[in-house]
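What you are looking at is a predicted structure, and each value in this text was computed from that prediction instead of being measured. Residue numbers start from 1 in every chain, and the chains themselves are labelled A, B, ... in the order their sequence lines are given, proteins ahead of strands.
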Amino acid sequence: MCDCIALLTDFGMADPYAGVVKGVLLSVNPGLKLIDITHEIGPQDVHQAAFVLGESYNFMPPGTIFLAVVDPGVGTSRKGIILEAGGYTFVAPDNGLLTLPMLFEKDWCCVEIRNSDYFLKPVSSTFHARDVFAPVAAYLAAGKALESFGPSVSDPVRLEFPRPKEMDGKIRGEVIYVDRFGNLITNIPRELLERAGGQIVRIKGTSLPFVVTYSDVEPGRAAALVGSSNLLEIAVNQGRAVDLLNAAIGETVDIIPLTSGYL
Amino acid sequence: MCDCIALLTDFGMADPYAGVVKGVLLSVNPGLKLIDITHEIGPQDVHQAAFVLGESYNFMPPGTIFLAVVDPGVGTSRKGIILEAGGYTFVAPDNGLLTLPMLFEKDWCCVEIRNSDYFLKPVSSTFHARDVFAPVAAYLAAGKALESFGPSVSDPVRLEFPRPKEMDGKIRGEVIYVDRFGNLITNIPRELLERAGGQIVRIKGTSLPFVVTYSDVEPGRAAALVGSSNLLEIAVNQGRAVDLLNAAIGETVDIIPLTSGYL
Amino acid sequence: MCDCIALLTDFGMADPYAGVVKGVLLSVNPGLKLIDITHEIGPQDVHQAAFVLGESYNFMPPGTIFLAVVDPGVGTSRKGIILEAGGYTFVAPDNGLLTLPMLFEKDWCCVEIRNSDYFLKPVSSTFHARDVFAPVAAYLAAGKALESFGPSVSDPVRLEFPRPKEMDGKIRGEVIYVDRFGNLITNIPRELLERAGGQIVRIKGTSLPFVVTYSDVEPGRAAALVGSSNLLEIAVNQGRAVDLLNAAIGETVDIIPLTSGYL
């Protein structure tokens, strides 16, 4: 039995929504420890939430239960689900938010949340994080078996994430996340880069050197490096790549062999 | 004895003020569990704080102690008070912040915070959350009796909240809160709507359908629904009502019977 | 052994970085209590972080371990250090972030973080808060002796903070921090003001009265007072001094004796 609940939502920190969810969790199960991953996912941005969850879940204590709610379909017939994968348990709407644990972990099992015994009543039609997902997570943490919440689900919704393409020795990927520091995080993983050997990175017509850490270039200069998520990242030492390069999510990033003669 | 303290302030998350308050709480009483309701109340906006507290307090674990500080009169002769109501205890400046628990709960009792034995010394004239309210809340959580903090108060300050008006079968209310999603939350409660039967909602010259959940209209379209606080709310599916309707707090909202022929 | 970890970073609350650090802390040591001082230090602003840490650390429970990470030199040869001072323990990059505890506390001792047994592997070159500082803090909290982390450091990096100057009975200081309320916090301590006796405050050509608390002037008017950090602060009652006075960090503030005849 785990007593950690990790929260990931698009509720922000200004409204009382995240606090209310925590109140419900601790009302059901006063012994819980709560970890905020973030509440600042872009409103209704399930893709961003799925990415952030995928990059962070395996740093949480073994057995952590995730309450992950970005839920544009709240109150409709979209299912609520519980996923067990990698020694963790995830509680979320069935909208693709849990795509990455299903992709990264070899085995998983999933049930639909149906048993309303575990809900806060009356269930509203706009705030299932409070009325459905939070009490379910708290009862899971208290040791209720997965099967007691509902029937098995074999095909939870999964989102497409853009994958990098390899052709003619080049790799073409794209920017998939921009962080507080203005770093551009791409979908190109370390393994792909290592296979490719020496190379140069091009984004928006600019060629960037590969470095190990931010300070390997002068302050204000851009460079490419493998970031802490093992993804290629474009950063500016003590500056903001997103502004300097005027790039955004979706921007194309090319990896070109040093030997290609194309600069 | 409860070990939950719920915090609601206008301190924001950037300055260390909320963290310092937590440090003081845990210095006095290391066993406390802290729940942030929000620290992003508009600076000095006691009305907003009172509303948010009123809508969220009863989702906290029974016995929770609330440390609610939005305090434009800090350092003046305004009192500090402790209110017991509905099985909860509230610690706050006496400026109306606790209006709604007094309105919603049948019985309450209130004392003034006078006994400086429980204060952090020296008491500053600008940060009573740290020097007065936090240690008082922590000693309350440790089991100190209400009476030990000061004399009874029979008339704590109460704020006026605008109430919806009924006339000729119509209801006129107003927008009282705008959330992160741009939803416009009004002061019109579910009970009033249900009594009125079928109806249409008008705001800024626009007529909106009543629906059950956000997705009952097409993405980008506005609708009215009963939100998770049991108040009428105007929302845009996957969009921002506050922007689409160019509305703000105080905007008039009319509920008109479907049979009135006035559209 | 203390179970409180206080966090101070420039990670913001939107990205999962602060949450991941908390996951690592609780993975190593599930009994920890975590206090967020702030994660909203300006990106790479070590000076601001050092000031905020210096003003807040002694409100944390005795024995608290601080995880303070603002780290523009991450991945370079800059050291990581552990400082013991004033009954607290601080874990940080060696870039001056711990200047004020060293200045304020009579005795301190410091070691370099070298023993990689306590690191999360593989150690990234861009996220030492996760891979180095968090596990080190968690092992410290679990009782590991300071000496087990690395050799003694006698000369940790210290930052210069601008000091107020006294001349001809006048004091000249400057604004060093602006808070959420728009208050301008200066580097002029209470002791200096008290020594100077009756005086007037000048900033940007405006003379301000000395008061005790915000409400001692009319709403919308500026005044000077000793704030909760025992530093001279310039504030506007129910308004924002930073906007009204159009001032910023670095702005000169003069304290002039009332008897000087210069207004």
Can any side-chain N or O of [X] pair as donor or acceptor with the backbone N or O of [Y] at less than 3.5 Å?
{"X": "A:Asp15", "Y": "B:Asp179", "result": "no"}
{"X": "B:Thr38", "Y": "A:Met13", "result": "yes"}
{"X": "B:Thr213", "Y": "A:Ser125", "result": "yes"}

To the nearest 0.5 Å, what is the distance between CG (B:Asp36) and CG (A:Asp36)?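 B:Asp36 CG to A:Asp36 CG: 8.0 Å, rounded to 0.5 Å.
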Notebook entry, point to check: Roughly how far, to the nearest 0.5 Å, is CG of A:Leu26 from OG1 of B:Thr64?
Noted result: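 Answer for the OG1-CG pair, B:Thr64 versus A:Leu26, is 8.0 Å.
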With only heavy atoms counted, which part of [X] is less than 4.5 Å from chain B, the side chain, the backbone, both or neither?
{"X": "A:Pro30", "result": "backbone"}
{"X": "A:His128", "result": "neither"}
{"X": "A:Leu120", "result": "side chain"}
{"X": "A:Tyr17", "result": "side chain"}

Part of [X] lying under 4.5 Å from any heavy atom of chain A:
{"X": "B:Leu34", "result": "neither"}
{"X": "B:Leu225", "result": "side chain"}
{"X": "B:Ile35", "result": "side chain"}
{"X": "B:Tyr57", "result": "neither"}
{"X": "B:Val211", "result": "neither"}

So do [Y] and [X] actually touch side chain to side chain, heavy atoms under 4.5 Å?
{"X": "B:Phe181", "Y": "A:Asp10", "answer": "yes"}
{"X": "B:Lys33", "Y": "A:Lys22", "answer": "no"}
{"X": "A:Pro16", "Y": "B:Glu55", "answer": "no"}

With chain B, which of A:Ala18, A:Gly23, A:Ser124 has the greatest number of heavy-atom pairs at distances under 4.5 Å?
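Most heavy-atom pairs under 4.5 Å with chain B: A:Gly23.
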Fill in: Flag if over 12 foreign heavy atoms under 6.0 Å of CZ, A:Arg163
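Incorrect, the count does not exceed 12.
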Problem set entry | Atom CZ of A:Arg240: over 12 foreign heavy atoms under 6.0 Å |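 Enclosed: over 12 neighbouring heavy atoms sit under 6.0 Å from CZ of A:Arg240.
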- For chain A, the option from B:Glu233, B:Met60, B:Glu40, B:Arg180 that forms the most heavy-atom pairs under 4.5 Å: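 Answer, by heavy-atom pair count under 4.5 Å with chain A: B:Arg180.
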Check A:Val20 against B:Ser56 and note the closest heavy-atom contact, atom names and distance.
->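 Closest approach of A:Val20 to B:Ser56: CG2-CB, 3.6 Å.
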**Request:** Determine the minimum heavy-atom distance between A:Ser27 and B:Phe59, stating which atoms define it.
**Result:**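 Here A:Ser27 and B:Phe59 meet closest at OG-O, 3.6 Å.
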